[in-house]
Amino acid sequence: MVNRRTRHRLRRENKQIARERISVLFNRVKEVFSEEPQLAQYYVNLAKKIGMRYKVKLPIELRRMSCKHCKSLIFPGINCRIRIQQRREPHVVITCFNCGGFTRIPLRNRGISSR
Ligand SMILES: [Zn+2]
């Protein structure tokens, strides 16, 4: 029987392991994307699953790397375009070449907590 304190400690360790695994996957994604996009997509899905399982937030870079609309992996200069718009409030517009969808990221509040 595992007491409560031990269980709490184990959970924290699991989270740490999950974070490490996600960052390893993230590095692999960057390595393989140009040659094996499908493998890269697989790594991203895996990282997302780990993140959900252990309730670990994915690094913001990784979240930016997948299209909000079609969920496919997007890389600047390969299959998406990034433009900075200064009109009204400054924001970044990411255009996905897969589905043609736009993702707007406001530059003012840097935290972006809701996404
Ligand atoms: Zn898309």
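It should be emphasised that the depicted structure is a prediction, and the values quoted were computed from it without experimental measurement. Order of appearance sets the numbers: ligands from 1, and atoms from 1 within every ligand.
For residue Cys67, an N/O/S atom approaches the Zn ion (ligand 1) to within less than 2.8 Å. Metal site remark for the Zn ion (ligand 1): Cys99 contributes an N, O or S atom at a distance under 2.8 Å.
Here Glu36 contributes atom CD and Tyr43 contributes atom OH; the two are 8.0 Å apart, rounded to the nearest 0.5 Å.
Vertex the Zn ion (ligand 1), arms ending at SG of Cys96 and SG of Cys70: the angle is 110° after rounding to 10 degrees.
Side-chain contact between Cys96 and Thr103: absent, with no pair of heavy atoms (C-beta onward) separated by less than 4.5 Å. At a threshold of 4.5 Å between non-hydrogen side-chain atoms, the residues Ile84 and Leu107 count as touching.
Cation-pi geometry between Lys30 and Phe26 is satisfied (NZ or CZ under 6.0 Å from the ring centre, within 45° of the ring normal).
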